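Following: one structure in structure tokens, then a few remarks.
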Amino acid sequence: MSHSQSNSAAVSVQVRGLRRSYNGQEVLKGLDFEVKPGEIFVIMGPSGSGKSVLLKHIIGLEIPDAGEILINDESIQSPGVMEKHRMAMVFQSGALLNSLTVGENVGLYLSEHQLLAPADIGRVVSEKLEVVGLKGTEDKMPNELSGGMKKRVAIARALVVEPQLILYDEPTSELDPLSAVVIGEEILKLKDRVHVTTIVVSHDRDLAFGVADRIAVINDGRIVSIGTPEEIKHISDPLIRKFLTADFKRPDSR
Amino acid sequence: MVLLFWRTLLALPLAWRQREKVYDQLFEIGNASLLMVCILSFFIGGVIALQTGPVLVERGLTSAVGGLVGISIAKELAPVMMSILIAGRIGSAMAAEIGSMRVYQEIDALRTMNINPIHYLVLPRITAIALAVPLLVIFSILAGWLGGAAVSAANGRIDIAFQAFFQNLREIVGLREVANGVFKSFCFALVVGVVSCHQGLITIGGPRGIGRSVTKAVVNSIVLIVILDYALTRLLLK
């Protein structure tokens, strides 16, 4: 595409000693991990364990109290590093701009940075919406879409950036199982098609084991374990076992 | 708030790029406020004439009615009352819209796309309000004068003809007085725009947080308008 930049290779991400407190309460307690270029890295953990906060730090929306995040070995705090690499985030809620149509939302990055002529933006928007199975929805408003459709539009909006790193915050939350499978497939397709580095934050076990190259389990602001899905499945740590095997039991069941 | 104003000033050269959003906001402000501004101003002018006219006429100061109504509308009531009205109507809407965008992560989404929220959200709104309010105040002054003249002509205790009212008004109120009021309204518009956008951008929490931001935007705007009014009046006093 004409707006593509020469640097399109997937990036590596290193998180070193990341700490962050809010109102005296430490949410991230010294996180260390590395994501390899082109990898799908899933961060799992219970609600409130600091997963979403971690993502916000990686994309530069939050500044850590201590530690650093490196993209291709360069700190994101260094001037120009965030601008040098194309990154996108798919928010839990989709975070579509409610005052704009679906088409305007998807093409926002291109129109605001004046990267393409309006006609070309329309073509790119159609292409990206087709990728996520929503062709022809350009003129709809976000409030006319279901939760699953909003997330797919958010993915299309992220694709327009042609990201080297894409972050997903709870991509399957509030979705029915079928929509969740569609989103999981989209994440896998994207990796195959554009070789993007992917970090997914989720507590959806099916999604994590379905798409991940590696999984990190986080609890109470700390990494408990990192490994391939097979390695994580066979870890004997009681906390991980409990998280992976938790199931609803009826009070009268034996 | 001062930092936001400064950053918006620095971004001013980009206003042309955001012109479509400025037009949208101008239409929003004008369309929402023009009729109300004219109706309110007409009756405010009428009330001033009704309150002061009989007293002045009884003391033989008939020729002062037009001037008094004219100058109080142009220099004080139109800019202050209309700016307070705009704070309630437009400032609250700005704080609510930006506040809900903040709460529902739309502003975070903009930042992840390297879109500066000040350029995208604040600049068009402040530019539009700074252009629209002085224009609305010109309409307000004219409507206020008309209201004063209509009441002066219709009320038996005042009984000043339309033409005599305006002739008297012209003797006291010149372009300088009108410019004085319009300049004040421009300053008040900046206050409403900056306070409301700032409150929107610092919104935290859910719907209750948005409600709090809206209230703060309106109350803080009104307080600052009244304080600034005193300062500007002292400054612009001949």
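All values reported here derive from a predicted model rather than from experimental measurement. In what follows, every heavy atom counts, from backbone to side chain, and hydrogens, waters and symmetry copies are set aside. Throughout, protein chains are lettered first and strands after them, A, B, ... in sequence-line order, and every chain is numbered starting at 1.
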Between these two chains, chain A and chain B, I want each donor-acceptor atom pair under 3.5 angstrom written on its own line with its distance.
| unit_1 | atom_1 | unit_2 | atom_2 | d |
| --- | --- | --- | --- | --- |
| A/Asn98 | ND2 | B/Glu106 | OE2 | 3.0 |
| A/Glu112 | O | B/Arg17 | NH2 | 2.7 |
| A/Glu112 | OE1 | B/Gln18 | NE2 | 3.4 |
| A/Glu112 | OE2 | B/Lys21 | NZ | 3.0 |
| A/His113 | NE2 | B/Met113 | O | 2.8 |
| A/His113 | NE2 | B/Asn114 | O | 3.4 |

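Atom CE of residue B/Met113 and atom CG of residue A/Leu110 lie 10.0 Å apart, to the nearest 0.5 angstrom.
Atom CG of B/Leu10 has more than 12 heavy atoms from other residues, nucleotides or ligands within 6.0 Å. Heavy-atom contacts from other residues, nucleotides or ligands closer than 6.0 Å to CZ of A/Phe33 number more than 12.
Pairing each heavy atom of A/Ala95 with each of B/Ala109, the nearest pair is O-CB, 3.7 Å.
For chain B, no part of A/Leu167 is nearby; none of its heavy atoms comes within less than 4.5 Å. Using a 4.5 Å cut-off between heavy atoms, B/Ile107 does not touch chain A at all. Residue contact with chain B, scored on non-hydrogen atoms closer than 4.5 Å, involves the side chain of A/Ile59 exclusively.
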